[in-house]
Amino acid sequence: MSDPNGHEEPTAGVTTATPVTTKPVAVRPDPPRRWASHAAWVALTLIVLAAVAHTKIKWDRLADFPSSLVHYLRLMLLPPDWAAFGDAFAATAKSVEMAWLGTILGIVVSFPLSFAATSILAPLWLRLPLRGVFGLLRAVPEIVIAVVILSVTGLTPFTGALAIGVRTIGSLGKWGYEAMEAADLGAMEAARTCGASQAQVIRWGLWPAVAPAVFAFWLYRFEINVRASAILGLIGAGGIGSMLVQNVQYRNWSTVGTLFLVVVGVTMVIDQISGRIRTKLVTGRWRA
């Protein structure tokens, strides 16, 4: 029925039906085919067995490893040569200096290249070759780079620092552009809307969003380089590695034990300090 104004009035005893809305049903993706999963596991098992067979492991020597390890640990640590502590600490400090210099060199070179390798900032013809260079530098170990460089610079700690720096460029370059591509682009779009130049967009729109992650990557890479510097010393680049090789050759096990304690202690201290700083940069609070 309708009133004099033409409006419909509800009829007594008659209920209006409310439309029923159906929620979309989530469709579970089909599980991978069982035969493909089994084939992958079989292939992986065959690869592992082939690798074990190709390395020609002497299982009898492997069974004697625990007793031999205990024997040499006793020679090194019962007791260590505390008189060599000063020389061991000085050699470790040289390795840390080598790692620090290599990290700084890597940061200086990789930082601007990271922007040029980012898809939101650089064209394809520029970023693709840079990413290839980063991949190539990451693929070559520091010790191989040092062997190539020593023909020019000679076998010095600076050779180790350069090798570390070259490898660091590859790692930090990749981590840098990945962090920039994962950043929130809202601030960049706002800066462009306000008429900012490309440099201003990067400085005020992109960099504040990625700075904590980039700084954390730098510190983490320094931790890795500290351990790499010890390995470079094994080929004569100086530092704790060179001192370790010399004492192992002359069977000075007590001095080797002192070197082991100093390296482990210094590395753990650096890892703890760097880890706390990285946590502060990323989360804004010190790790408990």
Quiz item: Is Asp87 close to Met243 at the side-chain level, that is, under 4.5 Å between some pair of heavy atoms?
Solution: yes

Self-check item: Arg227 side chain near Ile270 side chain, heavy-atom distance below 4.5 Å
Solution: no

Quiz item: How far does CD of Glu97 sit from OG1 of Thr92, to the nearest 0.5 angstrom?
Solution: 11.0 Å

Quiz prompt | Nearest atoms (heavy-atom pairs only) where Ala122 meets Leu126 | solution = CB-CD2, 4.1 Å

Self-check item: Partners passing side chain to side chain contact (heavy atoms under 4.5 Å, CB included) against Val148 (at least two apart in sequence or in another chain)
Solution: none

Practice problem: Could you tell me whether a side-chain N or O of Arg138 sits under 3.5 Å from a main-chain N or O of Arg167, the two making a donor and an acceptor? | Solution: no

Exercise. Supply the atom-to-atom distance Leu162 CG to Leu150 CG, rounded to the nearest 0.5 angstrom.
Key: 11.0 Å

Practice problem: For atom CH2 of Trp100, decide whether the heavy atoms of other residues, nucleotides or ligands shown that lie under 6.0 angstrom number more than 12. | Solution: no

Self-check item: Sub-4.5 Å side-chain heavy-atom contact between Phe222 and Ile104
Solution: no

Practice problem: Would you give the length of the straight line joining atom CG of Leu121 to atom CD of Gln198, rounded to the nearest 0.5 angstrom? | Solution: 5.5 Å

Quiz item: Nearest 0.5 Å, what's the OG-CZ distance between Ser197 and Arg192?
Solution: 10.5 Å

Practice problem: Side-chain contact test, heavy atoms from C-beta onward, threshold under 4.5 Å: evaluate it for Phe215 versus Ile277 and give yes or no. | Solution: no

Can I get a per-line list of side-chain donor-acceptor pairs under 3.5 Å for residues 252-263, giving both atom names and the distance, sequence neighbours left out?
{"unit_1": "Asn252", "atom_1": "ND2", "unit_2": "Asn247", "atom_2": "OD1", "d": "3.4"}
{"unit_1": "Thr255", "atom_1": "OG1", "unit_2": "Asp81", "atom_2": "OD2", "d": "3.2"}
{"unit_1": "Thr258", "atom_1": "OG1", "unit_2": "Asp81", "atom_2": "N", "d": "2.9"}
{"unit_1": "Thr258", "atom_1": "OG1", "unit_2": "Asp81", "atom_2": "O", "d": "2.7"}
{"unit_1": "Thr258", "atom_1": "OG1", "unit_2": "Ser254", "atom_2": "O", "d": "3.2"}

Practice problem: Return the minimal non-hydrogen interatomic distance between Ala209 and Pro212, and the atom names on each side. | Solution: O-CD, 4.2 Å

Quiz item: Do the side chain of Ser95 and the main chain of Ile240 share a donor and acceptor less than 3.5 angstrom apart?
Solution: yes

Self-check item: Check against side chain to side chain contact (heavy atoms under 4.5 Å, CB included), Met76 and Leu73
Solution: CA-CA 5 Å; Met76 290 188 295; Leu73 285 177; 3.7 Å; yes

Quiz prompt | ring-ring contact (aromatic ring centres under 6.0 Å, His included) involving Phe89 - partner list, sequence neighbours excluded | solution = none

Quiz item: Same cluster for Val133 and Val144 if Ile/Leu/Val/Met/Phe/Trp/Tyr side chains link at under 4.5 Å?
Solution: yes

Quiz item: Are Arg131 and Tyr177 in a cation-pi contact, defined as NZ or CZ under 6.0 Å from the six-membered ring centre and within 45° of the axis?
Solution: yes

Quiz item: Going from CD1 on Ile143 to CD1 on Ile164, what distance comes out if it is rounded to the nearest 0.5 angstrom?
Solution: 11.5 Å

Quiz item: So which of Leu105, Ile107, Leu137 actually passes side-chain contact (heavy atoms from CB on, under 4.5 Å) with Ile169?
Solution: Leu137

Quiz item: Does one hydrophobic cluster hold both Tyr220 and Phe111, with members joined at side-chain heavy-atom distances below 4.5 Å?
Solution: yes

Exercise. Kindly say whether Ser119 contributes a backbone atom to a donor-acceptor pair with the side chain of Glu181 at under 3.5 angstrom?
Key: yes

Exercise. Following the transitive rule for hydrophobic clusters with a side-chain heavy-atom cut-off under 4.5 Å over Ile, Leu, Val, Met, Phe, Trp and Tyr, establish whether Leu244 and Val264 coincide in one cluster.
Key: yes

Quiz item: With no hydrogens and no angle check, is any side-chain donor or acceptor of Ser229 less than 3.5 Å from a backbone partner on Val226?
Solution: yes

Quiz item: If you measure from CH2 on Trp175 to OG on Ser110, what distance do you get to the nearest 0.5 Å?
Solution: 10.5 Å

Quiz item: Any side-chain heavy atom of Leu172 sitting closer than 4.5 Å to one from Trp218?
Solution: yes

Self-check item: Minimal non-hydrogen separation, Leu130 against Ala116, with atom names
Solution: CD1-CB, 3.4 Å

Exercise. Report whether Val108 and Ile202 are members of the same hydrophobic cluster (ILVMFWY, side-chain heavy atoms less than 4.5 Å apart, transitive linking).
Key: no

Practice problem: Check the surroundings of atom CZ in Arg203: do more than 12 heavy atoms from other residues, nucleotides or ligands lie under 6.0 Å from it? | Solution: yes

Quiz item: Do Met98 and Leu101 sit in the same hydrophobic cluster, where Ile, Leu, Val, Met, Phe, Trp and Tyr count as joined when their side-chain heavy atoms come under 4.5 Å apart?
Solution: yes

Quiz item: Taking all non-hydrogen atoms of both residues, which atom of Ser274 and which atom of Glu223 are closest, and how far apart?
Solution: OG-OE2, 2.5 Å

